[in-house]
Amino acid sequence: MRDAGLSDLLLEWYDREARVMPWRVSPKARRAGILPDPYRIWLSEVMLQQTTVAAVKDYYRRFTARWPGVADLAAARDADVMAEWAGLGYYARARNLLKAARAVVADHGGVFPGTRDGLLRLPGIGPYTASAVAAIAYDEPATVVDGNVERVMARLFAVQTPMPLAKPDLTALAASLTPDQRPGDYAQAVMDLGATICTPRNPACGICPVVQACVARRQGIQAELPRKVPKPEKPVRRGTLWLATQGDRVLLQRRPDKGLLGGMLGFPGDGWDGAGGAAPVEADWQEIGEIRHTFTHFHLFLTLHAAELPIGSVVTRGQFVSGNEFSAEDLPTVMRKAYSALRDNVTR
DNA sequence: GATCCGTGGGG
DNA sequence: TCCCCAAGGAT
């Protein structure tokens, strides 16, 4: 079942109002037959997972400047990719990005799988990203369902079921609207609509191209949809970070690939689980302050301990890295905070 | 299905 | 200050 009218209205709106983005081919160029490089669409889509466009832009530019094609990325060092991703969050994305790039080179001759089903088999590519790449880079009529699409569908059809229970219904509704003509532009149109007009709070119904079809608007409940089950409160965790220096060198430790901040560089800690844990080296540790940081599912309070170690000290974990061999920018945000506190303490 | 996994901006 | 949330995926 298909409602041609609705998708046509969205495409006409998109032709006029499409946002300009570094990875996007304009609707005008696309209608002339130009499609974007799947590598770049894939890269942008992975970066955009649960992440705002504003936060992604600079990262996207740096990645594409340094690794212009999938073969370049596949040949990169793990540490370089993780350092370039530092600060963007959800670091499993970066690890899977590298795995996928290497799989494309090793198993697909350096060419991205040409269908949604093929894309789905690559690490880090799920239902959303597979559809997005297939629709945007190949113009395959795949249905894209992200948070924007869910919100737009919930409002257009006044779906009262709370998320995530409503997901299957919203997916079916989105599929019923997906056109065979210009599915790539259509996918981007719905997401642009959700990001700029059909926003979570205070939707701009006055300038919405499909307002006359919106059931929620007719009922005056558009701002209440989609409904969601209340989220549980975030627990508080406490822990310790050890900041060891030796001249201009600091003790850093690569975190294990799985779990929180997996694969990233950081300062040795005690596990932050209340169980306690030994310092990486015996020293005259001094408490220099506390930092707090909030992750997706918990608040963290970290006590910072610093020590200047004599030459020849034997450390049980991590290794000393010179200040000119790494940058604070290579660290995840919580570790940047700790590093910053250390610099402030040393400078004084 | 439920959990885990970051970060920064907006209201 | 605090909560919400953003072009989700893996386990």
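Side chains included, hydrogens not; waters and symmetry mates left out as well; all remaining heavy atoms used. A note on names: the letters A, B, ... follow the listed sequences, proteins ahead of strands, and every chain is numbered from 1. Since the model is a prediction, treat every value here as computed from it, not as a measurement.
Backbone-only contact: A:Gly87 has heavy atoms under 4.0 Å from sugar-phosphate atoms and none from a base. A:Thr294 comes within 4.0 angstrom of a nucleotide base, judged by non-hydrogen atoms across all strands. A:Met21 comes within contact range of at least one nucleobase, with a heavy-atom separation under 4.0 Å. Within the nucleic acid shown, A:Trp23 comes within 4.0 Å of at least one base atom, counting heavy atoms only. A:Thr51 comes within 4.0 angstrom of a base, heavy atoms only.
Salt-bridge formation is not detected for the pair A:Arg95/A:Asp78: no Lys NZ or Arg NE/NH1/NH2 atom is positioned less than 4.0 Å from an Asp or Glu carboxylate oxygen. A salt bridge links A:Asp80 to A:Arg66: at least one charged side-chain nitrogen sits closer than 4.0 Å to a carboxylate oxygen.
The base of B:dG6 is paired with the side chain of A:Tyr90 by a donor and an acceptor separated by under 3.5 Å. A:Arg19 contributes a side-chain N or O that forms a donor-acceptor pair with the base of C:dA7 under 3.5 Å. Donor-acceptor pairing under 3.5 Å, judged by distance alone, is absent between the side chain of A:Thr52 and the base of B:dG9.
Each of A:Gln49 and A:Asn202 lies near DNA chain B, and the nucleotide nearest A:Gln49 is the one positioned closer to the 5' end.
With rounding to whole Å, A:Phe295 atom CZ is found 20 Å from B:dT3 atom P. Atom P of nucleotide C:dG9 and atom CG of A:Leu97 are separated by 13 Å, given to the nearest angstrom.
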